[in-house]
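One structure is given below, encoded as structure tokens.
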Amino acid sequence: MSLKCDICREDFKNAHGLSIHKSKMHPPLTCGICQKNDFKNEHGLSIHMTKMHQDKESELYTRKTSQHDIHHRKDGGRQRPSTACGHRKDGHPGRNPPTAAHNPHSRSAVNAKSKSYSGPPREHKGATGTRPKSVPPKFVESHKIDPHSPGKRQVIKEAAKIVHVQASPETLTKSQEKTGGRSKPKEPSATERSPSSMSNSTLSCLASDKSKLLTILKAGIICPKEDSKLRVDRVNLFVQHLEETMAGVSDFPLELFKSGSYYDKTKIDYADEFDFMFYPKATFEADFSNCPPGYCKIKKGRTTIQDFDNMFTKNGYLIPERFKEKMFQIFKKCIENPGFREGRRTKRKLRNPESPAFTVFYDLQLQGKPPIDIDLVPAIRLDGWPSTFKRPSAKWLSEDHAKKAMKCFHAVTKTFPGKHADADLLWRISFSHAERKLIHHADYTDKGVRKTIFKILKKLKEDIKTDSPKIEKFCSYHLKMFMLGFFDRHQDFSEKNEQHLFNQSIKELVKCLQEGEIRNYFIPNDNILKYVPKDEKDLIARKLEEYI
């Protein structure tokens, strides 16, 4: 007799397998106030917070007067000294004290309803209809804040003001205006990323107070640890089964490299997108002769897989389009293979022909959790570090990490956007391996704030793109190349210098955008802003200037 997981409904042969599954895939949630950690789901945690920590929550939430109370007051909205149960604070009972049976807003009535509700946890709606959010526990931990310490409460309240600002009439969308601001918050659909927590226009109003602006931005880039762990665990399972299936589908052995913002620890929102490079276990050589900056041609190495013979030209150059087609066929066979357990949860997303990635949506099949965006990227790994590449600076990076960063680089099948005699043989050079090493260990030598400044700028960039959907070309890659150069140009990245560095980084980025030039950190003669439209660069520069 098979057993079912009471959370995801997956079948298991015995209780031992079910126990291991729950411990890995559904770790218990922890209350950020009393540290109780035996909650099976977010709904149970929400009920616990409501029952046990109502008074303590008032320190973490920006509370607002209920629209229901304002609407029904006979005194025109003046505050009466009465409590939620109809009794005045002076001990005199109010007129017609409501009961749970007659008052749908009483706690007992709400709890009675919540018992039959199986969806995401419901929260109290304030005057504007928005749902107040507490400061994420990780914010308290990372800043060593005791939420019950009077001396530290002001910092938490500053971060909690995000909710108050978000609920202001100026930030409501048209659809929210029609319903009094009562639209339900939802996670992004399969075709969009998580929206930023605050609009660019709202944040720019705080530009004169850099300390408060930085506090709010830091709070905005923190996401629930439990939620991210759930997503990462599921993706790791997806990749593990994909590699196992690929071993039986592919004609040649493939290796995996995990890249992207999650793995260099600069993720600013939910872990909802992952990048994985797959490259053949074979030897190739890079040819930079007659190639535009940032591109190369791939030649046969000493050992090459025979299955690649029909992908080479007569001169021994590997044709990127043929290699991409072969790898895409392998990816497609894997997700459609009956033996691939996650196949029924995976759906391919069609991309532009010039895109180097085979993108899929992986459905977690959990209520309220959107599908995860996974890029499977065909690549060629090339060992060594050519003399034409810039060597990472050892001023802010340890010598050991610098050497590891220069261990290899990759080439991907991104189509060359311009005209070139060998356009059909050009491969885009990818420094994902080096970038991951540099960014991940950026603060290793001096415990500085390099990664913090980088994440704050990413946050501002996402806010600008949310306000201006027409921005399509400018992305985190451009920002990453800018920041690596910024790390070289400045020395003091101590926490006391954080505000100055933040202000200076915006000034320098605005100048780069106005001049239309950000240099590839590893290939200085490669201007990576070359193919970003001028109107996009000008728009982003104008938006960023509001923070100076």
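All heavy atoms count here, side chains included; hydrogens, waters and symmetry mates do not. Along the sequence shown, the residues carry numbers beginning at 1.
Relative ring orientation between Phe409 and Phe389 is described as perpendicular, the plane-to-plane angle rising above 60° on a 0-90° scale split at 30° and 60°. Ring geometry for Phe257 against His433 counts as tilted: the plane angle lies between 30° and 60°, on a 0 to 90° scale. Aromatic ring pairs are classed by plane angle as parallel below 30°, tilted from 30° to 60° and perpendicular above 60°; the pair Tyr362 and Phe238 is tilted. Between His478 and Phe474, the ring planes lie parallel to each other; the angle is under 30°, not in the 30° to 60° tilted range. Between Phe358 and Phe331, the angle of the ring planes lies from 30° to 60°, which puts this pair in the tilted group.
With salt bridges taken as basic N to acidic carboxylate O contacts below 4.0 Å, none links Asp443 and Lys265. The pair Glu435-Lys480 meets the salt-bridge criterion, since a charged nitrogen lies less than 4.0 angstrom from a carboxylate oxygen. Look at Asp264 and Lys451 and you find no salt bridge, because none of the NZ, NE, NH1 or NH2 atoms lies under 4.0 Å from a carboxylate O. Taking a cutoff of 4.0 Å between a charged side-chain nitrogen and a carboxylate oxygen, Lys267 and Asp272 qualify as a salt bridge. A salt bridge links Lys390 to Asp488: one of the charged nitrogens lies within less than 4.0 Å of a carboxylate oxygen.
Remark: the backbone N or O of Ala442 is paired with a side-chain donor or acceptor of Arg450 at under 3.5 angstrom. Proximity of a side-chain donor or acceptor of Thr413 to a complementary backbone N or O of Pro320 within less than 3.5 Å is not detected. Thr346 places a side-chain N or O within 3.5 Å of a backbone atom of Glu342 that can act as its donor or acceptor partner.
Side-chain contact annotation: Ser476 with Lys461, donor-acceptor N/O pair under 3.5 Å present.
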**Request:** Could you walk me through whether Leu254 and Met327 pass side chain to side chain contact (heavy atoms under 4.5 Å, CB included), step by step?
**Result:** CA-CA 10 Å; Leu254 291 168; Met327 292 293 291; 3.8 Å; yes
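Annotation: salt bridge (charged side-chain N to carboxylate O under 4.0 Å, His left out) contacts of Arg519 (sequence neighbours excluded): Glu517.
Because its NZ or CZ atom is both nearer than 6.0 Å to the ring centre of Phe454 and within 45° of the ring axis, Lys458 counts as a cation-pi partner of that residue.
When each of Phe323, Phe284, Tyr279 is tested with Trp427 by the rule ring-ring contact (aromatic ring centres under 6.0 Å, His included), just one qualifies, namely Phe323.
Phe482 CZ to Tyr477 OH: the interatomic distance, rounded to the nearest 0.5 Å, is 15.0 Å.
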